[in-house]
J.: 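Questions regarding the structure given below will be posed in turn.
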Amino acid sequence: MARATRPPRTPPPHPLVAHLRGRLDGLTSAVLVFPLFLVYQLGILSGRGQNGVDFATRALIDVGQRDLGNYLVILAGMLLVYAAVVVLLRRGGRLARGAFVPMLAESTFYALIMGSIILFILRKVGGVVPGLAIGGANPVDIAVISAGAGFHEELLFRVIILGALAWLLTGLTGPRRAWILAIIGSSLAFSLAHHLGPVGEPFAFAAFVYRTLAGVFFALVYQVRGFAVAAWTHALYDVYVLSLG
């Protein structure tokens with residue numbers, strides 16, 4: 001009797017190919033975006049770079065009873081939980097080793113092309129070129145500001161506001177139109193937020209249009225690729241913009 005031959009083993013796909021196969025789920029996004037959160041939460045201890053839509057830090061400070069030692073203990077505890085989750089996800093096969101690298105490469109690509117596309121649209125359609133670079137920031141400040149913007153602004157405007165608008169509008173307009181309206185609405189809110197409050201910028205039409213288009217871009221990245229890719233794209237793009245000053 002002839003011995004049955006085993007089919008040849010299919011080699012595992014390249015990490016980047018595996019990464020691009022589908023939208024990142026919420027748990028994977030939370031794992032991949034945690035370094036942004038940690039960099040920001042430690043960086044703002046210098047007293048500079050707090051994000052305007054950061055509501056988490058105040059809660060952490062209140063939980064820590066406004067004591068620096070308690071605040072650091074809370075962050076250390078969060079880091080231990082994070083490490084444990086990463087180990088469990090890897091053992092369960094839900095998080096591949098080196099998963100961070102392809103996500104970072106994808107986000108860097110989006111960050112580099114985003115500005116060029118939006119500036120091209122503004123030049124061709126509106127004939128305006130906004131000046132958004134911020135001068136005088138040192139590398140540490142740039143890292144903290146960018147991490148805070150990537151994490152907190154994507155969490156608020158994409159995960160919460162975009163998701164809530166889409167959910168509310170779906171019953172009225174249908175899912176496809178609801179998502180389009182939600183993307184537009186959340187992007188307008190994202191842009192307008194930069195001109196509100198005591199530290200808001202004076203209103204400038206070019207800057208408002210620019211950030212609205214950037215919000216649409218981040219929303220599309222979030223919708224197609226997930227929260228982590230959108231947050232890192234935003235953060236890396238801000239590093240690029242702030243470094244121009």
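Numbering starts at 1 and runs along the sequence shown.
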J.: Is there side-chain contact between Tyr82 and Leu38, with at least one heavy-atom pair below 4.5 Å?
T.: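 No, their side chains stay 4.5 Å or more apart.
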J.: Do Leu42 and Leu68 share a hydrophobic cluster, counting only Ile, Leu, Val, Met, Phe, Trp and Tyr and linking them when any side-chain heavy atoms are less than 4.5 Å apart?
T.: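 Hydrophobic grouping puts Leu42 with Leu68.
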J.: Name all residues meeting the ring-ring contact (aromatic ring centres under 6.0 Å, His included) criterion together with Phe227; count only those two or more places apart in sequence or in a different chain, and write none if there are none.
T.: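 Expected list: none.
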J.: Thinking salt bridges, do Asp62 and Arg58 make one under a 4.0 Å N-O criterion?
T.: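 Arg58 and Asp62: not salt-bridged.
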J.: Side chains of Thr233 and Phe218, heavy atoms from C-beta outward: is any pair under 4.5 Å?
T.: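 Side-chain contact under 4.5 Å: yes.
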J.: Any side-chain donor-acceptor pair under 3.5 Å between His195 and Glu201?
T.: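 No, because no side-chain N or O of His195 sits under 3.5 Å from a partner of the opposite role on Glu201.
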J.: Heavy atoms, side chains only, cut-off 4.5 Å: are Ile142 and Asn138 in contact?
T.: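 With C-beta onward as the side chain, the pair stays apart.
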J.: List the steps and the verdict of side-chain contact (heavy atoms from CB on, under 4.5 Å) for Leu165 and Leu181.
T.: CA-CA 8 Å; Leu165 285 175; Leu181 293 174; over 6 Å; no
J.: Check the surroundings of atom CZ in Arg90: do more than 12 heavy atoms from other residues, nucleotides or ligands lie under 6.0 Å from it?
T.: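 Enclosed.
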J.: Once you round to the nearest 0.5 Å, how far does CZ of Arg94 lie from CG of Asp25?
T.: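 That separation rounds to 5.0 Å.
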J.: Indicate, with yes or no, if the rings of Phe208 and Phe205 have centres closer together than 6.0 Å.
T.: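 Distance test on ring centres: not under 6.0 Å, no.
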J.: Can the ring centres of Phe100 and Trp232 be said to be less than 6.0 Å apart?
T.: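 Aromatic pair counts; centres sit under 6.0 Å.
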J.: Could you pull out all residues at least two apart from Ala56 that satisfy side chain to side chain contact (heavy atoms under 4.5 Å, CB included)?
T.: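 Once residues adjacent in sequence are excluded, the partners of Ala56 under the side chain to side chain contact (heavy atoms under 4.5 Å, CB included) criterion are Asp54, His152.
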J.: For a quick test of reading the model, state the closest non-hydrogen atom pair linking Ala178 to Ala166 and the distance between them.
T.: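 That closest heavy-atom pairing would be CB-O, 3.8 Å.
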J.: Step by step, would you call Ile145 with Asn51 a side-chain contact (heavy atoms from CB on, under 4.5 Å)?
T.: CA-CA 7 Å; Ile145 293 169; Asn51 190 268; over 6 Å; no
J.: Is the distance between the ring centroids of Tyr40 and Phe151 less than 6.0 Å?
T.: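 When the ring centroids of Tyr40 and Phe151 are compared, they turn out to be at least 6.0 Å apart.
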J.: Could you give me the CA-CA distance, side-chain angles and deciding distance for Tyr222 and Arg23, then say whether side-chain contact (heavy atoms from CB on, under 4.5 Å) is met?
T.: CA-CA 9 Å; Tyr222 165 74; Arg23 186 177 188 269; 3.4 Å; yes
J.: Of the non-hydrogen atoms in Ser29 and Ala228, which two are nearest, and what is the gap between them?
T.: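 Shortest heavy-atom contact: OG-N, 3.2 Å.
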J.: Donor-acceptor pair, Ser46 side chain versus Gly43 backbone, under 3.5 Å?
T.: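 Judged by distance alone, yes, a pair lies under 3.5 Å.
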J.: In Å and rounded to the nearest 0.5 Å, what is the CG to CH2 distance from Leu220 to Trp179?
T.: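 Leu220 atom CG to Trp179 atom CH2 measures 11.0 Å (nearest 0.5 Å).
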J.: Would you say Val39 and Tyr240 are hydrophobically clustered, going by side-chain heavy atoms of ILVMFWY under 4.5 Å?
T.: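 Different clusters: Val39 never reaches Tyr240 through Ile, Leu, Val, Met, Phe, Trp or Tyr contacts under 4.5 Å.
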J.: What's the separation between atom CD1 in Ile180 and atom CD in Gln223, rounded to the nearest 0.5 Å?
T.: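 These two atoms lie 11.0 Å from each other.
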J.: Do you know which two heavy atoms are closest between Ser191 and Arg211, and how far apart they sit?
T.: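 Minimum heavy-atom separation between Ser191 and Arg211: OG-CB, 3.4 Å.
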J.: Output yes when a side-chain donor or acceptor of Ser146 lies under 3.5 Å from a complementary backbone atom of Ala143, and no otherwise.
T.: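 Side chain of Ser146 to backbone of Ala143: no pair is present.
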J.: With the side chain counted from C-beta on, respond yes when Val159 and Glu154 share a heavy-atom pair under 4.5 Å apart, and no when they do not.
T.: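 No; the side chains remain at least 4.5 Å from each other.
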J.: Side-chain heavy atoms nearer than 4.5 Å, only ILVMFWY residues, links allowed to pass through others: does that put Leu88 and Met78 together?
T.: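 No, Leu88 does not connect to Met78 through the hydrophobic network.
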J.: How long is the gap from OG on Ser107 to NE2 on His234, to the nearest 0.5 Å?
T.: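 Result: 12.5 Å between the selected atoms.
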J.: Do you know the tightest heavy-atom contact between Ser187 and Thr212?
T.: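 Minimum heavy-atom separation between Ser187 and Thr212: CB-O, 3.6 Å.
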J.: Any heavy-atom pair between the side chains of His194 and Phe203 that's under 4.5 Å?
T.: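 They are not in contact (no side-chain heavy atoms under 4.5 Å apart), so the answer is no.
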J.: Among the clusters formed by ILVMFWY side chains lying less than 4.5 Å apart, do Leu45 and Leu36 turn up in the same one?
T.: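 Looking at the clustering, Leu36 is in the same group as Leu45.
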J.: Given the rule that I, L, V, M, F, W and Y join up when any side-chain heavy atoms are under 4.5 Å apart, are Ile74 and Leu72 in one cluster?
T.: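 Result: yes, single cluster for both.
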J.: Do the non-hydrogen side-chain atoms of Leu60 and Gln41 ever get within less than 4.5 Å of each other?
T.: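 Yes, side chains in contact.
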J.: Can you tell if the side chain of Tyr110 reaches within under 4.5 Å of the side chain of Leu236, non-hydrogen atoms only?
T.: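 No, side chains not in contact.
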J.: Given 3.5 Å as the limit, does a donor-acceptor pair link the side chain of Thr28 with the main chain of Leu24, or not?
T.: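 Looks like no, no N/O pair under 3.5 Å.
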J.: Dump the intermediate steps for side-chain contact (heavy atoms from CB on, under 4.5 Å) on Ile184 and Val216, then the final yes or no.
T.: CA-CA 7 Å; Ile184 295 173; Val216 170; 5.6 Å; no
J.: Side chains of Thr57 and Gln50: is there a donor and an acceptor less than 3.5 Å apart?
T.: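 There is no such pair (donor and acceptor under 3.5 Å, judged by atom type) between the side chains of Thr57 and Gln50.
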J.: Between Leu89 and Val31, is any pair of side-chain heavy atoms under 4.5 Å apart?
T.: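 A side-chain contact exists here, since the closest heavy-atom pair is under 4.5 Å.
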J.: Cation over ring, Arg158 on Phe190, under 6.0 Å and within 45°?
T.: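 Cation-pi check for Arg158 and Phe190: passes.
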J.: Quick one: CG on Leu112 to OG1 on Thr108, what's the gap to the nearest 0.5 Å?
T.: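 Answer for the CG-OG1 pair, Leu112 versus Thr108, is 6.5 Å.
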